[in-house]
Amino acid sequence: MCPDFLYGSFLKVLHNIGVENPEIKLRFEQPKNEQFGDFATSVALILAKELKLNPRQVAKEIVDRLQFDQNLVEKVSIDGPGFINIKLTNLFFATELERMFKEGEYYGRSTKGKGKKVNVEYVSANPTGLLHLGHGRNACIGDSIANLFAWLGYDVTREYYFNNAGRQMHNLARSIFARYRQLLGDDDYPFPEDGYHGDYIKEIAKEVVDKFGAHYFDESEENMDFFKKYGENWCFGKIRETLSKLKIHHDVFYNEDSLYSEGKIDEVVNLLRSKELIYEKDGAIWFALTKLGLQEDRVIIKSTGEPTYRLPDIAYHREKFLRGFDLIVDVLGSDHIATVPDVLAGLGALGFDTSRVKVVFHQFVTLMENGVQVKMSKRSGRSYTLDELISEVGADVVRFFFLMRSVSTHLDFDLALAREQSEKNPVFYLQYAHARICSIFDTAKERGIEFVDNASTNCLNSLTEIQLIKLQRRFPEVIEISAEKFEPQILADYLYDLATAFHVFYHNCRIIGSEEPILSARFKLARVTQRILRNGLNILGVSAPNRM
RNA sequence: GCGCCACUAGCUCAGUUGGAUAGAGCAUCAGCCUUCUAAGCUGAGGGUCACAGGUUCGAGUCCUGUGUGGCGCGCCA
C-alpha cells in the first residue's frame, strides 16, 4: 500500500544509521485521521528503545536524512510521541490513478501465487439430504476464498468430498424404502429409528412410486441398493442445483469410495502400523494418538470392521498432499473442530508438513426476523433450507450476507433486512454504486460525449477525488489480506467503503458537464471504481448489474 | 471437568503485524432532488471496548484469571 519510493527512502536512511533488520521494523499505515497525512510510520518509536534515544529525536534523525522527489511529497512532519507523518501531493495521486486505469481489468490481480497449487475443499455435504443454512455459509466462504486465491495467481482446485459410503447411505435407503412402502398402502411399515425424517424423503418415495409403481416392494438387498442409488442421485442433484444458483461449481468431486476401492485406506493403516501407531483392543483397531502428544487414543477401525471417519479423512488428506498441493484449505463448520487435531496428527506422523493445511472454521447461522429467531419457514412449515432462502431473498443477497461477517463469529441473518429491496440493504448499496457508474457511461454515450485516454489526471484536487483514489489504491492489498486471513469479509467491507467514497464523489463532483481535462480525469476515476466494484463483487459471487 | 469460538453504541457488526480523538450500518432526530439513477448525500445524539490484574513510551488489540453465551468432547460424520 505504501508507495515504493517512500518505503525505499526510509529503508535507505535506516540502513545508513545502522539499524539492524530495518525491513522488519519499517511499517507504514494510513492514519485514520486525515490531519496526519497520507502515510505514517511509528518506526522511530520502535527504534527508540534499541537506540536508547528519545523517540522524537530518532524521528528527527531519520527525517533530516530523507530525500524525496518534491513533486510527490508535500510534507513530512513529526507528531505526537514520535510518529513520522507524510503527506503526498495531488500529483502523486493523479499518477496513481493513471497507473490503475492503464492496468484495466487486470488491476488488482497479482502473480504472487504463480506456480503454486491450492486446494480448497468446501460444502462436502453428504448426499443424504438438502443443504441447510450452515452449508450455505460454508459454500460461500469456500468459493470466495477460492476466488481470492485465483486472483493472486494460484492454480486453484475447488473440491467437494463426496461421501456416499457407510451407514448413512443405508439409512437413507431404508428411510426412503419405508416411505415407499407406506405410500403403497403398507401403513404399518416401520420407519427406521435413526432414519431421515425430512419431507424430502417422502418426495423421493413418491417419485419412485410414480415412476416404477410397486416394482421395488420387496425388502431385498438389490432393492435397497436401488433406493440407495436413487436417493443419492436425487439428493446430489438437488445439492448441485442449489449450489449452481449461488454460482458455485466444483472442479473435483472426490469420492470417498475410491479411497477404499483403490486401497488407500489399507495403505494408511499399513503405514501407521509400520510406525507402531496402531494396536488392537476390544476387537477394534486403535490409533495411538497419545504417542503423538494428544489426550486420548481413538478407534480408527470399529470391531465391525468399518473405519471411523478418522481413517478415510487421513487417507483423503494424504491424497491431497500426494497430488502436490502447496496449500490445502478445508472449510468446516465449527461442530467439526474436535475432529481436526486427530487427522492432522495422523498426517504429521505420515511425514507431511501439516502447516500446509489450513482449516477454516465458520460459526453457525441463525435466521432472525425482527429480533426473533426464525426456526421454521412460514411457507413450508419446515426448517429453512438453503434453497428456500435463496428463492426468498435472491442469490446475491444470500451470498453477500453470508460473507459480510467474519468467518469466526456467529452470523445473525436478518431476514427482514435481506428481503428489503432498499437502501437499508447493503447488497443494493454496493450494486447501486456500480449501476450508477454504468449509467454515467451510458448517458455520456447517448449524448456523444467522449473522453480521452491520454488526458492528464493532474487536475484532480478535491478532497473527495483524492479520497476515492486512495481507496482504489488499496484494492490489491485488500485482496491479499483477505486471502491470507481467509476472510472474504475484509473484501466485502472494503467494497462498501469504496462504494461510499464513490457516492460521495458522485454527489460532490459532476462528470458530465465538466470541462476537459476534468471531464476525462473524472471518467477515469469512475472507470477504475467500476472495475474494482465489478471484480470485487465477482470474487464474492455477487452480480454487478448495469441497471437497477 | 476439558477444548475451541465469541463478548465493542439500543440492535447487527468493523477495528491491519499493539499506535494518535474507538468506527460503520440499522433504529431515532434534522436537512438536501428543474443538471450524470434520492436504492444517494450531509449533520446530530448514542461507548466504563464483559470484569479484574499484568506486559510498555502506548492495549479494544498481547498474557493470566473470572463471568456470560455458543459449539464440541462416541467403536456417529
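Below, read A as the first sequence line, B as the second, and so on, with proteins coming before strands; counting in each chain starts at 1.
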A:F287 and A:D342: which non-hydrogen atoms are nearest, and at how many Å?
CE2-O, 4.0 Å
Could a donor-acceptor pair under 3.5 angstrom be found where the side chain of A:S334 meets the base of B:rC5?
no
Within the structure, does a side-chain N or O atom of A:R436 lie under 4.0 Å from either OP1 or OP2 of B:rA38?
yes
When you check the phosphate oxygens OP1 and OP2 of B:rC41, does a side-chain N or O of A:Y429 lie under 4.0 Å from one of them?
yes
Quick one: closest heavy-atom pair of A:F364 and A:R137, and the distance?
O-NH1, 3.6 Å
When you compare the protein's N or O atoms with those of nucleotides 16-21 of chain B, which come within less than 3.5 Å of each other, and at what distance?
{"from": "B:rU17", "atom 1": "OP2", "to": "A:K485", "atom 2": "NZ", "distance (Å)": "2.8"}
{"from": "B:rU17", "atom 1": "O2", "to": "A:R27", "atom 2": "NH1", "distance (Å)": "2.6"}
{"from": "B:rG19", "atom 1": "N7", "to": "A:S42", "atom 2": "OG", "distance (Å)": "3.4"}
{"from": "B:rA20", "atom 1": "N6", "to": "A:N85", "atom 2": "OD1", "distance (Å)": "2.7"}
{"from": "B:rA20", "atom 1": "N1", "to": "A:N85", "atom 2": "OD1", "distance (Å)": "3.4"}
{"from": "B:rA20", "atom 1": "N1", "to": "A:N85", "atom 2": "ND2", "distance (Å)": "3.0"}
{"from": "B:rU21", "atom 1": "O4", "to": "A:Q35", "atom 2": "OE1", "distance (Å)": "3.2"}

Distance below 4.0 Å between A:T409 side-chain N/O and B:rA14 OP1 or OP2
yes
Less than 4.0 angstrom between a side-chain N/O of A:S406 and OP1 or OP2 of B:rA14, yes or no?
yes
What does the 5'-to-3' dot-bracket notation of RNA chain B look like when only Watson-Crick and G-U wobble pairs under 3.5 Å count, and pairs to other strands show as |?
(((((((..((((.....[...)))).(((((.......))))).....(((((..]....))))))))))))....
Examine A:R527 relative to A:F101 and say whether NZ or CZ is less than 6.0 Å from the centre of the six-membered ring and inside a 45° cone about the ring axis.
no
Quick one: do A:R419 and A:D414 make a salt bridge, cutoff under 4.0 Å?
no
Please state the P separation for the pair B:rC11 and B:rU56 - nearest whole angstrom.
36 Å
Atom pair distance, as rounded to whole Å: NE2 in A:H410 and P in B:rC13:
10 Å
Using 30° and 60° as the class limits, which term best fits the ring planes of A:Y316 and A:Y254: parallel, tilted or perpendicular?
tilted
